[in-house]
Amino acid sequence: MSAPDLLIIGGGSTGLSASIVARELGLSVELLDERPALGGNYFAGAGNPSAGKTKLGEGYAQGADLLRKANGPGMRNGAFAWRIEPDGKTYFIDPAGKVGSISPRRLLIATGAQERPVPIAGALLPGVMYAGAAQLMLKTFGSIPAGRAVLVGCGPLLLLLAKQLLSQGAAPAALIETTPRAGLLITATSLPAALKVPALLSEGLGFRSALKKSAMAWHRQASGVFISGRDKAQSVTFTDRHGQRHTIMADLILLHDGVIPNDHVARQLKCKETWNPGQHCFNTTVDQWGETSRKGIFAAGDCTGIWGVEAARMSGEIAALEIARQLGFINADERDRRAAEPLRQRARQVAFRPFVETHFPPTLARAGFADGDTVICRCEMVTAGEIRLAVRQGASGPDQLKSFTRCGMGPCQGRSCAMAVAEIIASETGRSIGEIGRHDIRAPLKPLPLGQIATARDAAEEIVA
Ligand SMILES: Cc1cc2nc3c(=O)[nH]c(=O)nc-3n(C[C@H](O)[C@H](O)[C@H](O)COP(=O)(O)OP(=O)(O)OC[C@H]3O[C@@H](n4cnc5c(N)ncnc54)[C@H](O)[C@@H]3O)c2cc1C
C-alpha cells in the first residue's frame, strides 16, 4: 500500500491538470484511471496521434501536450477504483486483475461525465449506440460507422460528432435534432454572458454552418421519436416540426441527450449534492476550491456538474493549489496568487453554461417516460409502467423501489436508470426531484469477480467487513 500526498481518481482534463500543478509544488501524486489510456472523454486517444486526428479540432490537438506534461511516476491507467473509505483510502483493481490500495493524505475525485441515458422505445436493440461512445471509438481507434448512420437527439456533442464524421469523409445519413424551439428562444436571455466567451460561441456556430453546407439530411425540432426493428434496429420514426411523420432506414442509430456527472465515487462516500434544475442533474456540493462536504475529499471537473473541458482543467488546478496549501507546501498568499487567473477563467466558462443549458434542454430521455412499455432499468428490465405502478402501491423513493421491482439492483447500480426513476417518482408524487434523490451507491462501484477481491492481501478483513 502506498501513501502519497494526493491520489486522483480520473485521468481526464481535470485529473491531469491537477497532477501537473501538484507535482510542480512538490506533492507526491498517484492517479488511477480505469481506461487503458489516459485523457478522459475529451482527450481520449490524444496521446496516440494519427493523421485523421488533426481533423478532430484545435482543442483536441492540445491533448498530446497535456498528456506529455502529466506523464510521470504514479500514473496508473487501466486501474479501476472500486471502493473508497471516508478517509480517502482507495481500493483499486490493477490491469493484472489484482487489488491494490492507496492511503492518500488528500483525495481528488475527477471522474468526469457520462452520457444521459435515453430510455426510448427500441433503444435496447442491437445497432443502437450512444453518440459519445461512437465519438470515443473515433478518437481512440479512428473507427467510423459503416453503412447508414443516423444521429438522433439534442446537445452540442451530437452536432460536433456530425461535423467530425463529415470531416472524416463519413457523412451521417441524417441528423434528427430534438432541440425544441422554446430552447432556442429562451437562449436569448443567456446570450450576454455567452458573448464573453466568443471562442466557444464561434465554435458552435462553426459546427452549424459546416452541417448546413453538407448534403446530410437535417431534421430539426423532431418529436415522438422511436426505433423499430426485429433482431436489430432498422429505422427511426419521428414527427418533424411541420407535424409530418417520417421513417428513416438506418444501419446504426446514435442517440444523445447531453451529459451528466459521473458521480458514483462521491455518492459512495455520501458527499452532499444538490439538484441543479438548469443542468437537469445532481451536482456534488463543493466549495470554490473543490472540497466536498467531507473534509480532505475534493471533487472537480465534470463529476461535480457539467462545466466543460476548460473549466475542468481550471478546477483541477485550483483544487491542487488548495490541497498543496492544506498540506503545507504553499501558504494561503501563494495559493491565492496562483489561483487568481484560473478562478477568473473558470468563472467565464461557468457563466457560459446557461446558454448551452437553455439551448439544449434534455428532451429525448424525458419523452420516453410517458410510454409505460419503455424499459427504464436495462439491467433488470423494469419498465416505466412498472415503476409508476410500484409508486402508486407505496414505493416512495428509489431505494424502496428496489424491493418492489428490483429497479436499480443490477450491475450498473443505477447508472442507466437513476435519473429516470427520480423523474418518474417526482411526476407521480408531485415531490421535487431534489427531494427524491437517487439510489444509494455501495462498493464495489462496478461488479468484480470474487477471485479478484480475494487478491487483497493487506486488507481482506476490512473489505469483507
Ligand atoms: C462520451 C463523452 C464525450 C465527450 N466529448 C466531448 C467533446 O468532444 N468535446 C467537449 O467539449 N466535451 C466533451 N465531453 C465533455 C467532456 O468530457 C468534459 O467537459 C471534460 O472531458 C471533463 O473532464 P474531466 O477530467 O472532468 O472528465 P473526463 O474527461 O470524463 O475524465 C474522467 C476520467 O475518470 C475515469 N474514471 C471514472 N471513474 C473511475 C473509477 N472509478 N476508477 C478509475 N477511473 C475512473 C474515466 O475513465 C475518465 O478517463 C464529452 C463527455 C462524454 C461523457
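Order of listing sets the numbers, starting from 1, for every ligand and every atom in it.
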| task | Output the set of protein residues with a heavy-atom contact under 4.0 Å to ligand 1, ordered first by chain identifier and then by residue number. | result | Ile9, Gly10, Gly11, Gly12, Ser13, Thr14, Leu32, Asp33, Glu34, Arg35, Gly40, Asn41, Tyr42, Ala79, Phe80, Ala81, Ala110, Thr111, Gly112, Ala113, Gln114, Gly132, Gln135, Lys139, Leu157, Leu160, Val259, Asn262, Gly301, Asp302, Gly308, Val309, Ala312

| query | Do the ring planes of Tyr60 and Tyr42 sit parallel (below 30°), tilted (30 to 60°) or perpendicular (above 60°)? | reply | tilted

| So, are Lys98 and Asp94 salt-bridged, with charged N and O less than 4.0 Å apart? | no

| request: Answer yes or no: is there an ion pair linking Asp5 with Arg105, defined by an N-O contact shorter than 4.0 Å? | output: yes

| From OG (Ser2) to CD1 (Ile102), nearest 0.5 Å | 4.5 Å

| task | Ignoring hydrogens and angles, tell me if any N or O in the side chain of Asp257 forms a donor-acceptor pair with the backbone of Val118 under 3.5 Å. | result | no

| Over-ring placement of Arg335 relative to Trp289, 6.0 Å and 45° cut-offs | yes

